[in-house]
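Worksheet: the structure to be examined is printed underneath.
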Protein chains: 2
Amino acid sequence: MSLPAGARSILDAAASLFSRTGFDAVSLSEIASRAGVCKANIFHHFDSKEALYLDVMREACKCHAEFAEQLLLEPLSSTEKLLRLVEFEFHDMFENEARTQLIFREVLNAGSGKGREIAENIFQRNCNAVIALFQEGVDRGEFRSELDPGIAAWMLGASEMMFFQNRNILSHMPGMGNATVPAEYAAKVVKTLLYGLLPDNADGVAVDAAQFQRKPT
Amino acid sequence: MSLPAGARSILDAAASLFSRTGFDAVSLSEIASRAGVCKANIFHHFDSKEALYLDVMREACKCHAEFAEQLLLEPLSSTEKLLRLVEFEFHDMFENEARTQLIFREVLNAGSGKGREIAENIFQRNCNAVIALFQEGVDRGEFRSELDPGIAAWMLGASEMMFFQNRNILSHMPGMGNATVPAEYAAKVVKTLLYGLLPDNADGVAVDAAQFQRKPT
DNA sequence: CTACTGACTGACCGGACGGTTAGTCATTCT
DNA sequence: AGAATGACTAACCGTCCGGTCAGTCAGTAG
């Protein structure tokens with residue numbers, strides 16, 4: 001905490017406002033008034049609006065993504081690790097909604113965001129750890145040998161992100177039942193991932209990329 | 001096409017610009033100059049910037065989401081329908097990038113978007129059709145009876161959306177292999193969904209929501 | 001006391017924004 | 001011919017934005 005109190009309150013106000021509506025929609029006057037400080041003072045502590053935003057992003061990303069890396073080292077089955085990972089991520093996501101929103105926004109607006117590179121970094125780190133977890137499961141024979149760990153990690157991440165981003169409209173969607181509650185949703189996603197769509201007695205279905213190529217019309 | 005040529009070109013220019021950078025980051029002067037029209041003329045055809053945006057959204061949503069509804073009626077196995085659905089959606093998504101981007105942005109910024117309700121509508125319609133497809137598979141015994149069709153549809157949609165939104169950074173992610181190509185990605189997602197993570201000979205793993213509840217610390 | 005420093009402020013700047021106004025011009029209706 | 005209409009424009013308006021600047025004030029080192 002080498003920050004002066006003023007800078008601290010500016011950073012906090014900015015984080016809260018930026019997370020709600022993004023960079024463009026937040027004005028410096030808003031930030032200043034919420035921080036209880038005059039607008040010019042922001043420029044005393046930060047070089048520009050963009051620099052402030054980047055500092056906010058950096059701080060939001062700092063303390064993230066260590067859990068998955070640590071989890072890998074523990075003496076558990078891969079399935080058990082998966083369960084704990086999902087439990088942690090759904091927990092953490094809502095514990096720090098503003099932080100999560102900030103990172104997700106940058107990742108999802110992948111094309112143009114100012115803090116994209118910062119957000120991408122933690123996103124990649126997280127993703128790599130989860131991929132390693134699935135890879136371990138495959139190596140141990142706990143997961144099916146044809147499984148692509150990258151895809152599995154990506155699908156899990158996508159399902160989590162979509163839940164967070166759309167939890168408000170999820171309840172308006174018919175057919176989603178009680179999956180609007182984080183724990184219910186998490187359980188169902190994990191179950192679907194583990195067991196897949198096909199019943200045990202089903203014949204195999206051949207699936208390869210050629211089927212998804214654009215057909216000549 | 002009862003629209004005057006001027007209004008048409010404004011609508012087209014606006015669609016292209018809004019899809020790239022969103023509502024706030026596009027100015028009316030930009031739209032006007034790209035449409036080859038003076039700014040005031042925009043107000044001759046549209047009531048306000050927001051009204052123009054809503055018209056753009058409405059048009060983008062109009063011709064969407066009929067495919068899935070029609071697919072349901074065809075005499076095919078549910079797995080086959082799933083394959084065709086995914087093939088179509090990955091095809092269509094990139095055929096109409098601007099339109100897709102518009103809709104996804106509104107859906108993902110679920111909190112605050114101006115055209116959210118319009119985008120939600122087509123999103124829900126699409127989702128319902130896919131849920132029905134999975135439900136049919138369960139009813140027919142083609143898919144596992146414990147499967148939640150809502151969750152399956154949601155996971156599929158999430159995986160597709162995440163691919164579209166992050167295709168640019170996907171290639172920078174180690175461990176994703178050739179899944180940066182749409183068809184490869186699609187095939188791997190479908191395979192993972194169909195077969196799940198666990199090998200056929202695996203013991204069942206109990207998964208329920210209680211495991212994902214926040215534990216007291 | 002003086003000199004200096006860093007936190008902080010009110011007043012201001014140029015520019016871009018969304019939106020308005022008065023008016024031009026070609027076409028069509030009577 | 002003349003009235004009316006709809007497409008279109010140049011010039012303009014008030015507002016708010018990000019950013020600047022001159023200066024106040026408390027603390028503190030010499």
Side-chain angles (χ1 to χ4, degrees), chain A residues 1-60 102 105-106 109 112-116 118, chain B residues 1-60 102 105-106 109 112-116 118:
Chain A
M1 168 73 84
S2 63
L3 282 176
R8 179 73 266 153
S9 68
I10 291 170
L11 220 38
D12 289 342
S16 146
L17 289 171
F18 280 142
S19 79
R20 272 203 253 290
T21 44
F23 184 84
D24 286 332
V26 175
S27 77
L28 292 179
S29 329
E30 259 181 288
I31 296 174
S33 90
R34 171 182 284 237
V37 149
C38 91
K39 195 180 62 165
N41 186 237
I42 295 179
F43 290 92
H44 177 68
H45 294 290
F46 305 91
D47 284 343
S48 65
K49 187 188 182 185
E50 192 165 320
L52 168 61
Y53 184 71
L54 292 180
D55 276 0
V56 167
M57 281 298 301
R58 250 185 293 275
E59 200 173 66
L102 269 168
R105 192 196 318 281
E106 285 302 324
N109 295 348
S112 59
K114 301 170 194 312
R116 206 202 69 215
I118 301 173
Chain B
M1 165 77 84
S2 64
L3 281 178
R8 176 75 267 152
S9 67
I10 291 170
L11 220 37
D12 289 340
S16 147
L17 289 171
F18 281 142
S19 80
R20 271 203 255 290
T21 43
F23 184 83
D24 286 331
V26 175
S27 77
L28 291 179
S29 329
E30 257 181 291
I31 296 174
S33 89
R34 170 182 283 237
V37 149
C38 91
K39 194 181 64 167
N41 186 237
I42 295 179
F43 290 93
H44 177 67
H45 295 289
F46 305 91
D47 285 343
S48 65
K49 187 187 183 186
E50 192 165 322
L52 168 61
Y53 184 72
L54 292 180
D55 277 0
V56 167
M57 281 298 302
R58 250 186 294 274
E59 200 173 65
L102 269 169
R105 173 170 302 113
E106 285 302 325
N109 295 348
S112 58
K114 300 169 195 313
R116 207 201 68 215
I118 300 174

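Source: prediction; values computed, not measured.
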Quick one: side chains of residues 33-43 of chain A, donor-acceptor pairs under 3.5 Å with protein atoms, not counting sequence neighbours, listed by atom name and distance.
unit_1, atom_1, unit_2, atom_2, d
A/Ser33, OG, A/Glu30, O, 3.4
A/Arg34, NH1, A/Ser16, OG, 2.9

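Position along DNA chain D of the nearest nucleotide to B/Ile42 versus A/Glu30 favours B/Ile42 as the more 5'-ward residue.
Every residue two or more places apart in sequence or in another chain that forms a salt bridge (Lys or Arg N to Asp or Glu O under 4.0 Å) with A/Asp12 is listed here: A/Arg8. Take A/Phe23 and apply the ring pair (Phe, Tyr, Trp, His ring centres under 6.0 Å) test, not counting sequence neighbours, and it matches A/Phe18, A/Tyr53. Listed by chain and residue number, nothing satisfies the side chain to side chain donor-acceptor pair (under 3.5 Å) test with A/Glu50 (two or more places apart in sequence, or in another chain).
Side chains of A/Asn109 and A/Arg116 form no contact here, defined as non-hydrogen atoms less than 4.5 Å apart. Residues B/Leu54 and B/Arg58 have side chains in contact (heavy-atom distance under 4.5 Å, counting atoms from C-beta outward).
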With 3.5 Å as the limit, what N/O pairs link the protein to nucleotides 22-27 of chain C?
none

Identify the pairs formed between an N or O of the protein and an N or O of nucleotides 4-8 of chain C at a distance under 3.5 Å, and give each distance.
unit_1, atom_1, unit_2, atom_2, d
C/dA7, OP2, A/His44, NE2, 2.9
C/dC8, OP2, A/His45, NE2, 2.8

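In the helix from C/dC1-D/dG30 to C/dT30-D/dA1, the terminal helix axes, each the rotation mapping four pairs' C1' atoms onto the next four within five end pairs, subtend 10°, rounded to 10°.
B/Ser27 has no side-chain polar atom (N or O) that falls below the 4.0 Å cut-off from OP1 or OP2 of C/dA16.
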Task: Under 4.0 Å protein heavy-atom contacts per nucleotide of nucleotides 19-26 of chain D, with B for base, S for backbone only and - for none - done: BBB-----
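Here the straight-line distance linking atom CD1 of B/Ile10 with atom CG of B/Asp55 works out to 11.0 Å at 0.5 Å rounding.
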